[in-house]
Amino acid sequence: MSWKLIQNAERRLARETALVRPCAGGDVRVALGYPNTYFVGMSNLGLQVVYGFLNRIPGVSCERFFLPDPDELAEYEQCGRRLFTLESQRPVGEFDLVGFTMAYEPDYLNFLRMLELAGLQLKSCDRGQDHPLVLVGGALTLLNPEPIADFVDVFCVGEAEGRVEDLVECMRQTRGEPRRQQLEAIAAIPGFYVPSLYRPIYEDGRFAGFDPPAAIAKTYLSAEEFACQETHSLVLTEDTEFARSLLLEVSRGCPYVCRFCTVGFSYPKVRWKPLDRIWEAVERARAGGLDFQRVGLVSATVGNHPDIASLCERLRRNRIPVSFSSLRADQLPDELLTAMVEGGTRSLTLAPETGSEDLRKAINKRFTDEQYYDAARRAFRAGIKKIKMYSMVGLPHERDEDIDALVELVKKTRALQKDAVVTLGLGLFVPKPLTPFQWTSMADTKLAEDRMKRVQKALARVGGVRVNSESPRVALIEGLLARGDRRLGAVLLEVYRQPGYRSWMKALDKCALSLDELVYRQRDSSEPQPWDHLGASWSPERLVRDLARSVRP
Ligand code: SF4
């Protein structure tokens with residue numbers, strides 16, 4: 001027993017205001033985990049939404065658990081206590097269902113660490129009748145969950161909200177039945193994928209399909225269902241990045257389908273939350289005692305929301321400051337800029353993604369340099385002091401002149417305003433499943449480093465400009481996991497206790513896998529891919545046709 005761990009949990013709970021709490025004595029007990037710390041997890045809207053709808057199902061009691069902070073980890077290891085939930089401090093392993101919401105590939109390592117701390121067998125085949133079912137959902141399961149398939153009993157692929165009641169009912173009806181039978185019953189519910197029912201086949205060292213052949217349809221919310229969902233913060237705390245911000249998801253999907261980005265390809269269509277529903281959420285949060293001081297609008301493209309001007313005006317009339325998750329340079333109405341500045345925001349992120357118009361066209365991020373400058377100019381005029389630019393290197397068809405064009409774009413943006421600060425974030429492009437670039441080879445880390453250095457050098461003496469480069473090695477691991485197959489499970493097992501670049505390379509060697517094959521190789525569009533069995537909005541043929549449009553003269 002560690003009082004320090006219990007006190008930490010009690011302190012966190014005491015600092016929360018909440019619209020929803022687990023009921024006492026439910027017959028289906030769910031432990032909902034986020035594979036990162038409390039600080040990181042409590043800013044994840046997905047976790048809060050799932051927590052809300054699970055606790056609103058009659059008879060379901062859902063509690064949260066997180067990766068312990070470093071000092072807590074040491075305490076867990078020292079006292080030998082099993083990982084427990086925040087609300088009742090009951091061991092995670094005693095729940096009926098242990099669910100995770102997964103948004104970032106690097107969190108796979110934390111996921112394994114948390115299973116271990118909970119005292120659960122890591123591999124699903126080693127867990128028995130007395131163990132909870134381990135379920136994973138979230139943004140990553142829309143893409144390619146195969147690297148962690150060995151550790152998961154059930155994946156929820158698509159949007160869980162519409163189907164979780166069916167899962168709960170199935171668990172009730174199959175209670176006490178052999179685990180395999182229970183899993184087969186769950187696999188019959190649309191949107192649930194039980195990976196142990198399918199054995200991957202490899203031919204000549206490459207993934208070649210499943211035995212039996214798998215075809216799992218993803219489920220999505222209809223526009224009406226999405227409109228009615230409580231997709232906003234339900235628990236607020238000071239102990240997170242967006243403290244005192246009521247996050248409100250105002251749309252899902254993206255109409256732009258930029259070729260490098262999964263958002264436009266992951267959902268069959270864009271769904272907007274109607275203005276009245278958004279406002280109901282604000283009033284519900286206020287009436288329920290949520291302690292918020294601003295509203296954060298979450299959407300792939302907030303500027304496109306059909307009612308954005310009215311929403312900003314209504315927030316302004318009610319003296320509620322507002323901030324936005326992401327904005328496009330060509331969709332930046334003045335009303336948004338005014339609302340941001342009045343709400344105290346002085347910094348704006350506008351991602352050009354690359355420096356040249358020509359390459360931007362090739363990746364289907366279609367706005368001109370002049371549109372970019374116009375957005376920046378209007379932002380400065382409205383009172384924005386700092387512009388954060390984000391760009392990738394290593395994009396398909398990229399040339400040295402694109403890198404020089406990026407330098408020019410940054411310099412000219414900075415020159416628009418005398419006292420402005422421009423921060424450029426640079427990252428290495430990672431090809432992602434479901435996009436037209438899913439077959440593309442990833443640029444190597446040496447090329448990425450050279451290009452990043454070229455930008456850094458060219459901007460080193462430009463006043464008011466800062467450059468932050470992400471580690472190409474971190475991107476490389478992300479790239480490995482993003483398009484990997486089930487063999488990466490063995491690699492994760494080697495690495496999760498002591499992650500680091502060398503560990504990854506040693507583990508790949510030990511498992512007879514190579515970066516050349518899995519990351520750097522240009523894949524043929526006729527090859528089976530590890531995510532092909534999970535339904536997609538765009539067929540491979542349509543992606544191939546779109547890819548052909550990306551070729552530059
Ligand atoms: S990069 Fe932005 S605008 Fe383009 S598809 Fe993704 S979310 Fe939409």
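This structure is a prediction, so every number in the text was calculated from the model and none was measured. In each ligand, atom 1 is the first atom listed, and ligand 1 is the first ligand listed.
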Show me the donor-acceptor pairs within less than 3.5 Å that the side chains of residues 385-397 make with the rest of the protein, sequence neighbours left out.
| unit_1 | atom_1 | unit_2 | atom_2 | d |
| --- | --- | --- | --- | --- |
| S391 | OG | E353 | O | 2.9 |
| H397 | NE2 | S550 | OG | 3.4 |

State plainly whether the residues D524 and R206 are in salt-bridge range, i.e. N to O under 4.0 Å. no
When the ring planes of H305 and W272 are compared, do they come out parallel, tilted or perpendicular, using 30° and 60° as the limits? perpendicular
Just verifying a value: how many Å separate E241 CD and M42 CE, rounded to the nearest 0.5 Å? 13.5 Å
With a 4.0 Å heavy-atom cut-off, what residues sit around ligand 1? C254, Y256, V257, C258, F260, C261, A300, T301, R328, K365
Which of parallel (below 30°), tilted (30 to 60°) and perpendicular (above 60°) describes F100 and F111? perpendicular
N/O donor-acceptor pair under 3.5 Å between K218 side chain and L142 backbone: yes
